[in-house]
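No experiment lies behind these values; they were computed from the predicted model shown. By convention in this document, chain letters (A, B, ...) are assigned in the order of the sequence lines, proteins followed by strands, and residues within each chain are numbered from 1.
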There are 2 protein chains.
Amino acid sequence: MNVEQAAKQLEALGNTTRLQVYRTLVRAGEAGLPVRQIQERLGIPPSTLSHHLQRLLLTGLVTQERQATTLICRASYPAMNGLIGFLVDECCADAGCGTQAENAA
Amino acid sequence: MNVEQAAKQLEALGNTTRLQVYRTLVRAGEAGLPVRQIQERLGIPPSTLSHHLQRLLLTGLVTQERQATTLICRASYPAMNGLIGFLVDECCADAGCGTQAENAA
DNA sequence: GCAGTATTTCTAGGATAATCGAATTAACGC
DNA sequence: GCGTTAATTCGATTATCCTAGAAATACTGC
């Protein structure tokens, strides 16, 4: 995980609508959720939701799987773990900041 | 930590330049770093850096302290912990997603 | 008060993003 | 093939962000 990729994912989550979408998907768990259901739960127009979903897909935070006419969306746990790992490792946090790997900056 | 505030902080970190600034500050540790040093290390114009620092300050991710003519910048660990806590709790992650507190969505 | 260094504010440009209605494609059942 | 539901792409508008030079402010030491 490099800085640019991490920034892209953070930016993707750095929007209230997208963060709500993401959180909704996380709570849906393994089963995932059809686009329509997300749309109804959050009350946003289909085109707007589709637009935001694309951004989440591009950064790998969300995956989709087709089931007949509906698209099931799922939060990607590995992606989230990678991002949190970056924040904890590179930018440290909980710990006393003892995990400075490289020192390129 | 509500969704909007979390989104604001994520957005603040969701920019390559700002993420580099933040990472630099975290690595500087408790001692912090003067604005000038950040500017020289990352090679960005003073006005651009100042602009980005304002955004990090507004979200509480960075604090500043004046020492004579120089401003010492420090990464706020509590803020970062709060944000990571939100991601882990509300959006879960490492764990098997067993910490769903509320279910407002 | 003046010179000098540190940092910010002003200003303006170009770029990117957010929103959402309307039109379009995708997939199924009959 | 046609109708229906699901979801996306198109198109246009508005708002916001990023960048950075130039001017202004903040603080100190003399």
Side-chain angles (χ1 to χ4, degrees), chain A residues 3-25 28 31-76, chain B residues 3-25 28 31-76:
Chain A
V3 178
E4 306 213 346
Q5 194 187 343
K8 275 223 171 359
Q9 293 190 335
L10 288 166
E11 187 200 14
L13 293 177
N15 171 279
T16 305
T17 304
R18 279 195 298 269
L19 190 53
Q20 283 175 328
V21 168
Y22 190 78
R23 191 168 65 154
T24 303
L25 286 179
L33 221 55
V35 176
R36 188 94 207 290
Q37 295 236 4
I38 306 172
Q39 192 241 310
E40 283 175 352
R41 288 199 192 184
L42 300 181
I44 48 184
S47 61
T48 303
L49 175 59
S50 186
H51 167 71
H52 285 306
L53 276 174
Q54 287 310 314
R55 309 241 345 205
L56 290 169
L57 280 168
L58 271 177
T59 57
L61 286 165
V62 164
T63 61
Q64 282 183 336
E65 180 202 350
R66 177 136 238 150
Q67 280 186 8
T69 55
T70 70
L71 266 174
I72 308 295
C73 305
R74 288 190 188 86
S76 167
Chain B
V3 178
E4 306 213 346
Q5 194 187 346
K8 275 221 173 355
Q9 293 190 334
L10 288 166
E11 187 200 12
L13 293 177
N15 170 280
T16 305
T17 303
R18 280 195 298 270
L19 190 54
Q20 282 175 329
V21 169
Y22 190 78
R23 189 166 68 153
T24 303
L25 286 178
L33 220 54
V35 176
R36 188 93 207 291
Q37 294 234 5
I38 306 171
Q39 191 242 309
E40 283 176 349
R41 287 198 194 184
L42 300 182
I44 48 184
S47 63
T48 303
L49 174 58
S50 186
H51 167 71
H52 285 307
L53 276 175
Q54 288 309 313
R55 308 237 351 201
L56 290 170
L57 280 169
L58 272 178
T59 58
L61 286 166
V62 164
T63 62
Q64 282 184 335
E65 181 201 350
R66 176 136 241 150
Q67 281 187 8
T69 54
T70 69
L71 268 175
I72 308 294
C73 305
R74 290 191 188 85
S76 167

Practice item. Would you kindly give the CD-to-P distance between B/Q39 and D/dG21, to the nearest whole Å? Key: 11 Å

Let me have the donor-acceptor pairs involving side chains of residues 3-12 of chain B, under 3.5 Å, with sequence neighbours excluded, atom names and distances please.
| unit_1 | atom_1 | unit_2 | atom_2 | d |
| --- | --- | --- | --- | --- |
| B/Q9 | NE2 | B/T59 | O | 2.9 |

Provide a list of protein-nucleic acid N or O atom pairs under 3.5 angstrom, restricted to nucleotides 2-8 of chain D.
| unit_1 | atom_1 | unit_2 | atom_2 | d |
| --- | --- | --- | --- | --- |
| D/dA6 | OP2 | A/R36 | NH1 | 3.3 |
| D/dA6 | O3' | A/T69 | O | 3.4 |
| D/dA7 | OP1 | A/V35 | N | 3.4 |
| D/dA7 | OP1 | A/L71 | N | 2.9 |
| D/dA7 | OP2 | A/R36 | N | 2.8 |
| D/dT8 | OP2 | A/S50 | OG | 3.0 |
| D/dT8 | O5' | A/S50 | OG | 3.2 |

Exercise for review: Could you pull out all residues at least two apart from A/Q67 that satisfy side-chain hydrogen bond (donor to acceptor under 3.5 Å, both in side chains)?
Suggested key: none

Point to revise | Start and end of the DNA chain C segment that chain B contacts, any atom under 4.0 Å from a heavy atom | key: C/dA6 to C/dT9

**Study point:** Qualifying salt bridge (Lys or Arg N to Asp or Glu O under 4.0 Å) pairs, either residue in residues 56-70 of chain A, two or more places apart
**Key:** A/E65-A/R74

Point to revise | Any residue meeting side chain to side chain contact (heavy atoms under 4.5 Å, CB included) with A/L58, in chain and number order, not counting sequence neighbours | key: none

**Study point:** B/R55: side-chain hydrogen bond (donor to acceptor under 3.5 Å, both in side chains) partners, not counting sequence neighbours
**Key:** none

Review point. Rounded to whole angstrom units, what separation is found between the CD1 atom of B/I44 and the P atom of D/dC18?
Key: 12 Å

Check your understanding: How large an angle, rounded to 10°, do the end axes of the helix from C/dG14-D/dC17 to C/dC30-D/dG1 enclose when each is built from five base pairs?
Key -> 30°

Practice item. Could you pull out all residues at least two apart from A/L49 that satisfy side chain to side chain contact (heavy atoms under 4.5 Å, CB included)? Key: A/V21, A/V35, A/I38, A/Q39, A/I44, A/L53

Exercise for review: Would you indicate whether the side-chain heavy atoms of A/P34 and A/I72 approach each other to under 4.5 Å?
Suggested key: yes

Check your understanding: Atom CD of B/Q67 to atom C1' of D/dG29: distance rounded to whole Å?
Key -> 18 Å

Practice item. Quick one: closest heavy-atom pair of B/G60 and B/S76, and the distance? Key: O-CB, 3.4 Å

Check your understanding: With sequence neighbours left out, what residues match A/E40 under salt bridge (charged side-chain N to carboxylate O under 4.0 Å, His left out)?
Key -> A/R36

Review point. In whole angstrom, what separates B/H52's NE2 from D/dC17's P?
Key: 12 Å

Review point. Got a second to check how far A/C73's SG is from A/Y22's OH, nearest 0.5 Å?
Key: 12.5 Å

